[in-house]
Amino acid sequence: MIGLIVVSALVAAVVLWAVMIYNGLVRMRNMVEEAWSGIDVQLKRRTDLIPNLVSTVKGYAAHEKGTLEEVIRLRGLAQNAHGVGETAQAQGLLGAALGKLFALAENYPDLKANANFAQLQATLGEIEEQIQLARRYYNGAVRNLNIAVESFPSNLVAGRFGFAKAEFFELESAAERAVPTVSF
């Protein structure tokens, strides 16, 4: 009888342990999804700002058509990207093109002094900062989930219930990681 009670208590403890680990994994997976939605919102804000920025620059720099068309093309690519890796790559290219667009403004003093352009530039700077914050939060949530998915003993529960590692939001190339330089 005592043996049955001990075995039952042990089974109950193992089940309780597995439930606690499962619930922790669910919480971490949901945090990753929530963090991704934060990045997605900021990226949408940036892509929504681009048409206004391009039209403002167009009025001053009409012969810079290639740069403007490239920004528009990359905006479309970024809007249609799926998954973390593809989105990160498309957003990195778009960020580089926007850097070229702002560097182009250095050649047009009237554009640089335009209040609308200055406001758009300031707004884009704020959005970029929010993207970085959201990206750090997302990558932290991914790190926590990935550690739990790979660590013993939680990896036993994760494997049994189909929890998988999440993908970090990373910049692909060294050029995308480089801080843009703007000379005055």
Side-chain angles (χ1 to χ4, degrees), residues 29-147 164-184:
R29 182 177 58 198
N30 286 329
M31 287 179 75
V32 167
E33 290 171 4
E34 177 220 357
W36 179 251
S37 75
I39 289 175
D40 197 39
V41 165
Q42 296 307 323
L43 295 177
K44 175 144 180 39
R45 284 182 63 208
R46 178 166 77 172
T47 56
D48 289 348
L49 182 69
I50 290 172
N52 295 331
L53 187 60
V54 167
S55 66
T56 301
V57 172
K58 226 183 237 185
Y60 288 90
H63 65 281
E64 303 286 356
K65 188 177 179 183
T67 302
L68 298 173
E69 287 175 350
E70 182 68 0
V71 168
I72 292 167
R73 184 186 73 79
L74 291 172
R75 176 184 181 259
L77 184 70
Q79 285 180 309
N80 295 320
H82 299 289
V84 176
E86 188 178 324
T87 300
Q89 183 179 17
Q91 291 296 332
L93 293 171
L94 179 58
L98 286 172
K100 289 177 187 173
L101 185 67
F102 284 117
L104 187 156
E106 295 299 318
N107 297 327
Y108 299 91
D110 290 343
L111 172 61
K112 205 167 136 181
N114 179 287
N116 189 35
F117 181 75
Q119 177 61 37
L120 291 169
Q121 194 172 21
T123 302
L124 187 62
E126 292 169 13
I127 291 171
E128 292 296 331
E129 186 176 318
Q130 291 300 315
I131 290 170
Q132 290 306 314
L133 291 171
R135 189 174 136 202
R136 280 194 291 269
Y137 178 73
Y138 171 80
N139 283 340
V142 167
R143 179 199 61 232
N144 293 341
L145 176 65
N146 290 350
I147 288 170
K165 288 177 59 177
E167 188 177 354
F168 286 101
F169 188 85
E170 299 177 308
L171 297 177
E172 298 279 323
S173 71
E176 291 169 345
R177 286 187 186 100
V179 176
T181 57
V182 178
S183 59
F184 294 99

Determine whether V57 and Y108 satisfy the following criterion, side-chain contact (heavy atoms from CB on, under 4.5 Å), listing intermediate values before the conclusion. CA-CA 9 Å; V57 172; Y108 299 91; over 6 Å; no
Nearest 0.5 Å, what's the CG-CZ distance between L133 and R136? 5.0 Å
To check you understand the geometry: which heavy-atom pair defines the closest contact between Q42 and I127, and what is its length? O-CG2, 3.6 Å
Looking only at heavy atoms, which two atoms of G83 and T87 are closest? And how far apart? O-OG1, 2.6 Å
Check: G76 main-chain N/O paired with N80 side-chain donor or acceptor under 3.5 Å: yes
Straight-line distance of E86 CD to Q89 CD, nearest 0.5 Å: 7.5 Å
Distance, nearest 0.5 Å, that separates CZ of R143 from OH of Y138: 13.0 Å
Where A78 and A90 come nearest, the two heavy atoms and their spacing: CA-CB, 3.7 Å
Using modelled atom types only, decide if a donor and an acceptor are shared between the side chain of E167 and the backbone of G85 within a distance under 3.5 Å. yes
Quick one: which residue pairs count as a side-chain hydrogen bond (donor to acceptor under 3.5 Å, both in side chains) with a foot in residues 122-133, not counting sequence neighbours? R46-E128, Q119-T123
Step-by-step ring pair (Phe, Tyr, Trp, His ring centres under 6.0 Å) determination, F102 to F117: CA-CA 10 Å; F102 284 117; F117 181 75; 5.6 Å; yes
Evaluate the side-chain proximity of L49 to R45: yes if any heavy-atom separation is below 4.5 Å, no if none is. no
Can you name the closest pair of heavy atoms from A166 and V32 and give their distance? CB-CG1, 4.1 Å
Interatomic distance, L43 atom CG to I131 atom CD1 [nearest 0.5 angstrom]: 4.5 Å
Salt bridge between K44 and D48, side-chain N to carboxylate O under 4.0 Å? yes
If you look at every heavy atom in F169 and V84, which pair is closest and at what distance? CA-CG1, 3.7 Å
Give me the atom names and distance for the closest heavy-atom approach of L74 to L93. CD1-O, 3.5 Å
Any chance you could measure K58, atom NZ, to L68, atom CG, to the nearest 0.5 Å? 6.5 Å
Apply the test side-chain contact (heavy atoms from CB on, under 4.5 Å) to residues L94 and Q91: give CA-CA distance (whole Å), side-chain angles for both, the deciding distance (0.1 Å), then the verdict. CA-CA 5 Å; L94 179 58; Q91 291 296 332; 3.9 Å; yes
Distance, nearest 0.5 Å, that separates CG of L53 from CG of N116: 9.0 Å
